[in-house]
Amino acid sequence: MSTRSFFVGGNWKMNGNKETLSGMMVELNTAELHQHTEVVCAAPSIYLDFVRSGLDPRIGVAAQNCYKVSKGAFTGEISPDMIKDCGADWVVLGHSERRHVFGESDDLIGQKVAHALESGLRVIACIGEKLEEREAGTTEEVVYAQTQVIAENVNDWGKVVLAYEPVWAIGTGQTATPEQAQEVHEKLRAWLRANASDDVADSVRIIYGGSVTAANCRELASQGDVDGFLVGGASLKPEFVDIINARA
Ligand code: 13P
């Protein structure tokens with residue numbers, strides 16, 4: 001078993017309001033969470049302050065996105081400095097919805113990663129292939145290329161968690177099998193070994209996202225290179241606690 005501590009992120013996406021998020025926070029604050037599992041909730045940016053003040057300090061808070069510079073005439077955007085000012089320490093970057101719904105390029109995601117890290121945020125960097133890419137046999141090529149751009153912009157891997165989220169598994173109920181997840185995670189770790197260092201490969205948490213539930217989390221968590229999860233839909237339900245505690 002690796003020495004990497006288990007990491008479970010809840011990506012609340014554009015869901016909830018003060019009332020429902022308060023309910024979820026009470027659920028998390030009062031739950032018994034495995035002591036060695038790191039938990040981070042990615043809240044809608046308008047609720048960052050609210051969520052940071054409502055969640056127990058043992059649970060981290062992330063923004064779901066940020067821009068690549070610290071301030072200026074960028075209507076509608078938020079900066080890493082603003083995220084930190086709300087007390088949050090993390091940001092999710094490169095999520096498939098940012099890539100494919102909002103058209104964010106690898107290049108832009110790389111610049112955001114660099115700026116977020118320079119600003120002192122920790123980054124959950126997301127990668128993952130689309131269904132047609134998997135069917136065409138290009139999964140490795142796609143995730144390596146995405147990881148490459150992220151890697152070019154990382155100066156301290158200790159501040160980064162890599163989230164493998166196959167696009168076809170997000171919000172579809174079609175989870176990658178434990179074998180499919182393990183296969184890609186193992187390859188990503190080998191890529192880090194070849195392109196960063198042994199230390200980075202051994203220490204970076206590679207987490208899986210895509211229709212993770214209380215029902216499938218334990219088997220996924222038993223895979224040697226699955227170091228945790230990034231959970232969407234189920235992170236707003238009481239079963240999120242079971243997912244946090246998936247690694248026995
Ligand atoms: P679901 O768990 O709803 O499939 O979403 C996964 C995800 O996108 C987490 O970032």
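Numbering of residues begins at 1 and proceeds along the displayed sequence. Whatever order the structure lists ligands and atoms in, that order sets their numbers, starting from 1. Small disclaimer: the values here were computed from a predicted structure and weren't measured.
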Enquirer: When clusters are formed from ILVMFWY side-chain contacts under 4.5 Å, directly or step by step, what else is grouped with Ile124?
Expert: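 Direct or chained contacts put Ile124 with Phe7, Val40, Trp90, Val92, Val161, Ile207, Leu230.
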Enquirer: Do other residues, nucleotides or ligands put more than 12 heavy atoms under 6.0 Å from the NZ atom of Lys13?
Expert: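 Atom NZ in Lys13 is packed in, count exceeds 12.
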Enquirer: How about CD on Glu32, more than 12 heavy atoms from neighbouring residues, nucleotides or ligands closer than 6.0 Å, or not?
Expert: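 Atom CD in Glu32 is not crowded, with 12 or fewer foreign heavy atoms closer than 6.0 Å.
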Enquirer: In this structure, are over 12 heavy atoms from other groups packed under 6.0 Å from Glu179 atom CD?
Expert: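 Above 12, so yes.
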Enquirer: Should we say atom CD of Glu239 is surrounded by more than 12 heavy atoms from elsewhere, each under 6.0 Å from it?
Expert: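 For Glu239, atom CD is crowded (more than 12 foreign heavy atoms under 6.0 Å).
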Enquirer: One pair per line, please: each N/O atom of ligand 1 matched with every protein N/O atom under 3.5 Å away, atom names first, then the distance to 0.1 Å.
Expert:
residue: ligand 1; atom: 2 (O); partner: Ser211; partner atom: N; Å: 3.4
residue: ligand 1; atom: 2 (O); partner: Gly232; partner atom: N; Å: 2.8
residue: ligand 1; atom: 3 (O); partner: Gly233; partner atom: N; Å: 2.8
residue: ligand 1; atom: 4 (O); partner: Gly171; partner atom: N; Å: 2.6
residue: ligand 1; atom: 4 (O); partner: Ser211; partner atom: N; Å: 2.8
residue: ligand 1; atom: 5 (O); partner: Lys13; partner atom: NZ; Å: 3.2
residue: ligand 1; atom: 8 (O); partner: Lys13; partner atom: NZ; Å: 2.8
residue: ligand 1; atom: 8 (O); partner: His95; partner atom: NE2; Å: 2.7
residue: ligand 1; atom: 10 (O); partner: Asn11; partner atom: ND2; Å: 3.0
residue: ligand 1; atom: 10 (O); partner: His95; partner atom: NE2; Å: 2.9
residue: ligand 1; atom: 10 (O); partner: Glu165; partner atom: OE1; Å: 3.1
residue: ligand 1; atom: 10 (O); partner: Glu165; partner atom: OE2; Å: 2.9

Enquirer: Tell me whether the centres of the aromatic rings in His185 and Tyr164 are closer together than 6.0 Å.
Expert: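 His185 vs Tyr164: aromatic centres under 6.0 Å.
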